[in-house]
Visitor: 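One structure coming up, written as structure tokens, with questions to follow.
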2 protein chains.
Amino acid sequence: MTKEPLTPRQKEVLDFVQSFTENHGYAPTINEIGSALGLSSTATVHKHLQILGEKGYLDTMPRRSRWLQVKPQPVVTSCASIDIPLLGTVSAGRPIEINEVASSVSLPEWMLGKGETFVLQVKGESMIDEAIKDGDMVVVEKRESAVNGEMVIACIDQDEVTLKRLYREGHRVRLQPSNPAMLPIIVEDRDVTVKGVVIAVLRKYRRN
Amino acid sequence: MTKEPLTPRQKEVLDFVQSFTENHGYAPTINEIGSALGLSSTATVHKHLQILGEKGYLDTMPRRSRWLQVKPQPVVTSCASIDIPLLGTVSAGRPIEINEVASSVSLPEWMLGKGETFVLQVKGESMIDEAIKDGDMVVVEKRESAVNGEMVIACIDQDEVTLKRLYREGHRVRLQPSNPAMLPIIVEDRDVTVKGVVIAVLRKYRRN
DNA sequence: TAAATATAGGCGAACAAAAGGCGAAAGTCA
DNA sequence: TGACTTTCGCCTTTTGTTCGCCTATATTTA
């Protein structure tokens, strides 16, 4: 969200309120603000405060004296995030469709994996038991092996790529779908390749 | 997205706007730009700014004085994310437990709402039909009203706060739980207050 | 090759809206 | 009641927008 910008005068008012509050422990009155900035009318000050409120720089508490709540907290900590490739879509039984258009998604660091990370979009409701819906994005950490029970992007017989939970059973591997209607796939160890492990899920509801 | 190239003169204007904004905390006026670059006509400056806007280098706010929004799109790929307050937890039938410790989560911009945004952690499996699991985080846009069918954080009778889908039915409001075992709550319009609308969901699988 | 056309840059004046301001009266709250 | 905040007109200054017209330097077209 881009915060609406301030004019020089508005910034002066905001700065004054902020420093006054820091120095006194309570907020200034409209009159105090006025005389500090050389304004003779309370109406003018009030208008400024109202604008600052609308722009989201002040939390106003109507009709309260010394309406404390002067939270001028424009703490826009710009913290690094990283652009992650959005490779394509994956559905339960289909190969990954690689998205030719190299689109990317920016993610905060805490959502990333240890090594290389990429994002896939899930198609279909087949993952519904994992609480993953059609259109959700899964964040995948690229890895060649997985711990029992992890959700993986796996490649079976070199061609089919799916999203399932992986369980090792002796020299075999069981790929458990997240849909009760689908049976697990059991294959030999050597026929399955792990492409990566799902470390996060995210869903954005489209705006109306 | 390849950005259209700039002519030397256009770049001069853009550079000036950028450095001015950094130094002052607000954008220059057309006049200030003009005299800095030795242009006597505001029309000339205005034309430049318009072009820069069309080419996507500036965010213009028509008719606004000091229409800051000088979004000087940095060529650097480091994309800003913002720290969002993590307010507490919410479950289907319980009030929000406000987390005293003001923790926060950083999110990329595309996941944010229009206005104030905050994050709540979901407790319990009651939202499972919406594919929201225990421990998931919901990103909430602070709003006082919601469109039919949106998932909202609603306050009923001033005390109970829940996460449900909202449907208007005449002068009544139906709050539909996401669990088939729970019955919808139907209340009078005035007894329910919308605190915000869920705009995104995210889940992080913990590392082993 | 000359003429027509396009594009970037520029000028000044006239105008409309936003920003900033005033004083006084009315409304609130403790 | 007194200390504050809100609201109501009304005003001035600042600032952005638009319009017509001008000058170079290319680029096309006849």
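Only a predicted model underlies this, so the values are computations on that prediction, with no experimental measurement involved.
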Visitor: Is T44(B) touching bases, backbone alone, or none of the nucleic acid, heavy atoms closer than 4.0 Å?
Guide: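 Touches a base.
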Visitor: Choosing from dT5(D), dC19(D), dG20(C), which nucleotide comes nearest the side chain of A43(B)?
Guide: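 The answer is dC19(D), which lies nearest to the side chain.
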Visitor: Nearest heavy atom decides the nucleotide; on that basis, is P8(B) or H48(A) closer to the 5' end of DNA chain C?
Guide: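 Of the two residues, P8(B) wins.
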Visitor: At under 4.0 Å, does any side-chain N or O of R9(B) touch on OP1 or OP2 of dG10(C)?
Guide: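 Answer is yes, contact under 4.0 Å.
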Visitor: Check this for me: does the side-chain of S41(A) come within 3.5 Å of the base of dG21(C) through a donor and an acceptor?
Guide: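 Flag unset: no donor-acceptor pair detected.
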Visitor: Would the distance check show the side chain of D136(A) and the main-chain N or O of R203(A) forming a donor-acceptor pair, the cut-off being under 3.5 Å?
Guide: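 It does not hold such a pair.
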Visitor: Between the side chains of E150(A) and R165(A), is the shortest nitrogen-to-carboxylate-oxygen separation below 4.0 Å, so that they form an ion pair?
Guide: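 Looking at E150(A) together with R165(A), the answer is no, because their closest N to O distance does not fall below 4.0 Å.
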Visitor: May I have the distance from L14(B) (atom CG) to dG9(C) (atom P), rounded to whole angstrom?
Guide: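 So the two atoms are 13 Å apart, to the nearest Å.
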Visitor: Distance check needed: dA19(C) C1' versus K11(A) NZ, whole Å only.
Guide: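 Spelled out: NZ on K11(A) to C1' on dA19(C) is 18 Å.
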Visitor: Send over the distance from I30(A) CD1 to dG27(C) P, rounded to a whole Å.
Guide: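 Taking atom P of dG27(C) as the reference, CD1 of I30(A) is at 17 Å.
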Visitor: Rounded to the nearest angstrom, tell me the gap between atom CD1 in I33(B) and atom P in dT14(D).
Guide: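 Atom-to-atom, I33(B) to dT14(D), this comes out as 18 Å.
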Visitor: Is the distance from OP1 or OP2 of dC11(C) to the nearest side-chain N or O of S40(B) less than 4.0 Å?
Guide: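 The answer is yes; a side-chain N or O of S40(B) sits under 4.0 Å from OP1 or OP2.
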Visitor: L6(B) versus L52(B): any side-chain heavy-atom pair under 4.5 Å?
Guide: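 A side-chain contact under 4.5 Å exists here.
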Visitor: So, OP1 or OP2 of dA18(C): does either fall under 4.0 Å of a side-chain N or O from T7(A)?
Guide: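 Checking dA18(C) against T7(A), no side-chain N or O comes under 4.0 Å of OP1 or OP2.
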Visitor: Scan L39(A) against the nucleic acid and name what it touches under 4.0 Å (heavy atoms): base, sugar-phosphate only, or nothing.
Guide: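 Sugar-phosphate: the residue L39(A), judged by heavy atoms under 4.0 Å, touches backbone atoms but no base.
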Visitor: Take atom CD1 of I51(A) and atom P of dG20(C), then tell me their distance rounded to the nearest Å.
Guide: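 Atom-to-atom, I51(A) to dG20(C), this comes out as 7 Å.
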Visitor: Is any side-chain heavy atom of R9(A) closer than 4.5 Å to one of L37(A)?
Guide: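 Counting from C-beta outward, L37(A) and R9(A) do come under 4.5 Å.
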Visitor: Would you call the rings of F16(A) and F20(A) parallel, tilted or perpendicular if under 30° counts as parallel and over 60° as perpendicular?
Guide: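 Ring orientation, 0 to 90° scale: tilted.
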Visitor: Regarding dT17(D), can its base be found pairing with the side chain of T42(B) as donor and acceptor, where the two atoms are less than 3.5 Å apart?
Guide: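 For T42(B), whose side chain was compared with the base of dT17(D), there is a donor-acceptor pair (under 3.5 Å).
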Visitor: Would you mind reading off the distance between L6(A) atom CG and dA19(C) atom P, rounded to a whole angstrom?
Guide: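 It works out to 11 Å between those atoms.
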Visitor: Mind calculating the distance between CG (L52(B)) and P (dA8(C)) to the nearest angstrom?
Guide: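 To the nearest whole Å, that distance equals 12 Å.
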Visitor: Indicate whether OP1 or OP2 belonging to dT15(D) is found under 4.0 Å from a side-chain N or O atom of H46(B).
Guide: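 So the side-chain polar atoms of H46(B) never come under 4.0 Å of the phosphate oxygens OP1 or OP2 of dT15(D).
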Visitor: Using atom CD of E32(A) as one end and atom C1' of dC4(D) as the other, report the distance to the nearest whole Å.
Guide: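 Value for this atom pair: 11 Å.
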Visitor: Can you tell me if Q50(B) touches the phosphate of dG16(D), counting only side-chain N or O atoms and a distance under 4.0 Å to OP1 or OP2?
Guide: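 No, because none of the side-chain N or O atoms of Q50(B) sits under 4.0 Å from OP1 or OP2 of dG16(D).
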